[in-house]
There are 2 protein chains.
Amino acid sequence: MNDKVSDLVDQMKRCGYKVTNQRELILKEFTEKGGHLSAQEVYENVRKVIPHISLTTIYRNIEMLIDIGVLCPVELASASDGSALYEINRIHDHHHHLVCTKCGKIIEFNMCLFQEIGKKLSSITQFKIDEHRLKVFGRCPKCQHGR
Amino acid sequence: MNDKVSDLVDQMKRCGYKVTNQRELILKEFTEKGGHLSAQEVYENVRKVIPHISLTTIYRNIEMLIDIGVLCPVELASASDGSALYEINRIHDHHHHLVCTKCGKIIEFNMCLFQEIGKKLSSITQFKIDEHRLKVFGRCPKCQHGR
DNA sequence: ATATAAATGGTAATGACTTTCATTTAGAAT
DNA sequence: ATTCTAAATGAAAGTCATTACCATTTATAT
Ligand SMILES: [Zn+2]
Ligand SMILES: [Zn+2]
Ligand SMILES: [Zn+2]
Ligand SMILES: [Zn+2]
């Protein structure tokens with residue numbers, strides 16, 4: 001269990017949840033590689049270690065981890081299939097996603113001119129603005145053939 | 001059939017599709033009121049005129065109307081339930097949505113500072129950028145009590 | 001009026017996700 | 001170390017939006 005995972009496990013403990021192999025492995029998945037995963041992807045990966053794990057357990061724990069602020073849904077629904085993606089919730093690292101519509105590759109970026117828009121929008125509409133989501137679609141260098 | 005609807009019907013004809021009551025009524029729905037509708041909402045409204053219409057017909061025609069550029073999905077998945085919303089595709093009227101998370105009210109706005117971000121993003125990542133989606137969440141004046 | 005491909009309606013299927021419930025287990029109490 | 005108990009898990013059934021299938025109906029060209 002690496003440092004990142006053990007920090008998250010601690011956070012889980014502090015919230016009163018028990019530590020199970022299933023939970024440790026689910027957390028491990030999200031700390032690795034790109035870290036933008038669907039429940040199904042987590043399931044397939046964790047199953048290599050715990051073959052009898054249930055998909056239900058994946059869904060349940062993703063939900064719990066969102067509740068305690070460890071994970072968050074990746075804004076905007078899935079890439080091409082209809083499933084949701086999740087990632088580690090990096091509160092101090094506001095970012096958005098640039099997605100290749102051909103291969104699904106996801107690039108993160110933190111340029112964000114929303115504050116300006118937000119202020120104007122708020123004064124015009126009288127809404128209290130809580131959050132915003134920006135997602136950009138395009139084709140990565142490898143996928144730029146044809147239209 | 002009002003002017004707006006008959007324009008859209010013409011567009012449909014030009015694309016080789018037949019004109020049916022079902023199609024006229026579906027188009028009518030989208031030209032009225034807010035015009036941000038789910039398949040289920042269209043179904044319920046059209047059913048008042050054609051009680052035997054099938055939900056399948058709604059889905060099929062929404063898809064067809066997206067294909068020919070008359071409709072488009074409202075960016076980002078549904079309000080609170082899990083269903084998709086659609087609206088008339090206003091090509092020359094780039095806009096985004098501000099949604100009240102309490103009552104679902106949708107406000108449209110066209111402030112958009114994306115071009116700046118887009119250029120930088122494109123030169124940094126070498127992606128060809130095709131589209132972007134921005135959606136803002138907040139609480140409307142009527143719903144700003146408590147947190 | 002007739003022919004025919006397209007459109008429709010009803011029903012079944014799909015797929016992501018949730019619920020239910022019987023069994024197992026982490027962690028506390030002894 | 002053993003026992004206890006609420007929490008966690010797994011298997012299976014249930015939801016709900018959307019799609020696929022197929023027999024029947026209908027818009028439009030002839
Ligand atoms: Zn991310
Ligand atoms: Zn509201
Ligand atoms: Zn709109
Ligand atoms: Zn924009």
Side-chain angles (χ1 to χ4, degrees), chain A residues 1 6 9-27 36-44 46-68 70-74 76-86, chain B residues 1 6 8-27 36-44 46-68 70-74 76-86 104:
Chain A
M1 181 166 63
S6 78
V9 167
D10 286 348
Q11 189 170 341
M12 226 176 58
K13 269 189 195 164
R14 280 197 304 277
C15 293
Y17 291 99
K18 294 178 178 176
V19 179
T20 64
N21 291 336
Q22 287 88 335
R23 283 173 172 171
E24 283 184 358
L25 287 164
I26 291 169
L27 284 171
H36 300 86
L37 299 163
S38 67
Q40 186 66 40
E41 285 165 339
V42 174
Y43 178 56
E44 280 159 21
V46 174
R47 209 147 55 132
K48 292 169 191 164
V49 184
I50 310 181
H52 63 279
I53 195 172
S54 167
L55 184 53
T56 308
T57 298
I58 310 293
Y59 277 110
R60 256 190 308 235
N61 282 310
I62 287 176
E63 192 186 13
M64 179 272 289
L65 291 167
I66 289 172
D67 280 348
I68 67 173
V70 167
L71 296 181
C72 61
V74 173
L76 282 155
S78 67
S80 46
D81 66 333
S83 56
L85 300 183
Y86 308 91
Chain B
M1 181 165 63
S6 79
L8 298 174
V9 167
D10 286 347
Q11 189 170 342
M12 224 176 60
K13 269 189 195 164
R14 281 196 303 278
C15 293
Y17 291 99
K18 294 178 177 174
V19 179
T20 63
N21 291 336
Q22 288 87 336
R23 284 173 173 171
E24 283 184 357
L25 287 164
I26 290 169
L27 284 171
H36 300 87
L37 298 164
S38 66
Q40 185 66 41
E41 286 165 339
V42 175
Y43 177 57
E44 281 159 21
V46 174
R47 209 147 55 132
K48 291 169 190 163
V49 184
I50 309 181
H52 62 278
I53 195 172
S54 168
L55 184 53
T56 307
T57 298
I58 309 293
Y59 277 109
R60 253 189 312 234
N61 282 310
I62 287 176
E63 192 186 13
M64 178 273 287
L65 291 167
I66 290 172
D67 280 349
I68 67 174
V70 168
L71 295 183
C72 61
V74 173
L76 282 156
S78 66
S80 46
D81 65 333
S83 56
L85 299 183
Y86 307 91

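Hydrogens, waters and symmetry mates play no part in the numbers below; they use all other heavy atoms, side chains included. This structure is a prediction, so every number in the text was calculated from the model and none was measured. Chain identifiers are assigned alphabetically (A, B, ...) following the order of the sequence lines, protein sequences preceding nucleic acid strands; residue numbering begins at 1 within each chain.
Rounded to an integer number of Å, the gap from CG of B:Asp67 to C1' of C:dA6 is 15 Å. As a whole-Å value, the separation of A:Lys13 NZ from C:dG27 C1' is 11 Å. In this structure, CG of A:Leu55 is placed 18 Å from P of C:dT20, rounded to the nearest angstrom. With rounding to whole Å, B:Met64 atom CE is found 7 Å from C:dT8 atom P. Between B:Tyr43 atom OH and D:dA17 atom C1' the separation is 14 Å, expressed in whole Å. Here the P atom of nucleotide D:dT9 and the CD1 atom of A:Ile58 are 9 Å apart, to the nearest Å.
The side chain of A:Tyr17 lies closest to D:dA8, out of D:dA8, C:dC17, D:dT9. Nearest to the side-chain atoms of A:Lys18 among the listed nucleotides D:dT28, C:dC17, D:dA7 stands D:dA7. Which of C:dC17, C:dG9, D:dT18 sits closest to the side chain of B:Ser54 comes down to C:dG9.
Along DNA chain D, the nucleotide nearest to B:Arg60 and the one nearest to B:Asn21 differ in position, and the one closer to the 5' end is contacted by B:Arg60. Judged by closest nucleotide on DNA chain D, A:Ile50 is the one of B:Tyr59 and A:Ile50 placed further toward the 5' end.
Using a 4.0 Å cut-off, some side-chain N or O of B:Thr20 falls inside it from OP1 or OP2 of C:dT8. The shortest distance between the side-chain N/O atoms of A:Gln40 and the OP1/OP2 oxygens of C:dC17 is not below 4.0 Å. Phosphate proximity of D:dG10 to A:Thr57: present, with a side-chain N or O under 4.0 Å from OP1 or OP2.
Exactly one of B:Leu27, B:Leu37, B:Ile53 qualifies for a side-chain contact (heavy atoms from CB on, under 4.5 Å) with B:Val42. That residue is B:Leu37. The only option from A:Ile66, A:Val70, A:Leu65, A:Val74 that meets the side-chain contact (heavy atoms from CB on, under 4.5 Å) definition with A:Tyr86 turns out to be A:Ile66.
Contact of B:Thr56 with C:dT8 (side chain to base): no donor-acceptor pair of N or O atoms is detected under 3.5 Å. For C:dA16, its base never sits under 3.5 Å from the side chain of A:Ser38 at any donor and acceptor pair.
Looking at heavy-atom distances under 4.0 Å, A:Ile53 makes contact with sugar-phosphate atoms alone, never a base.
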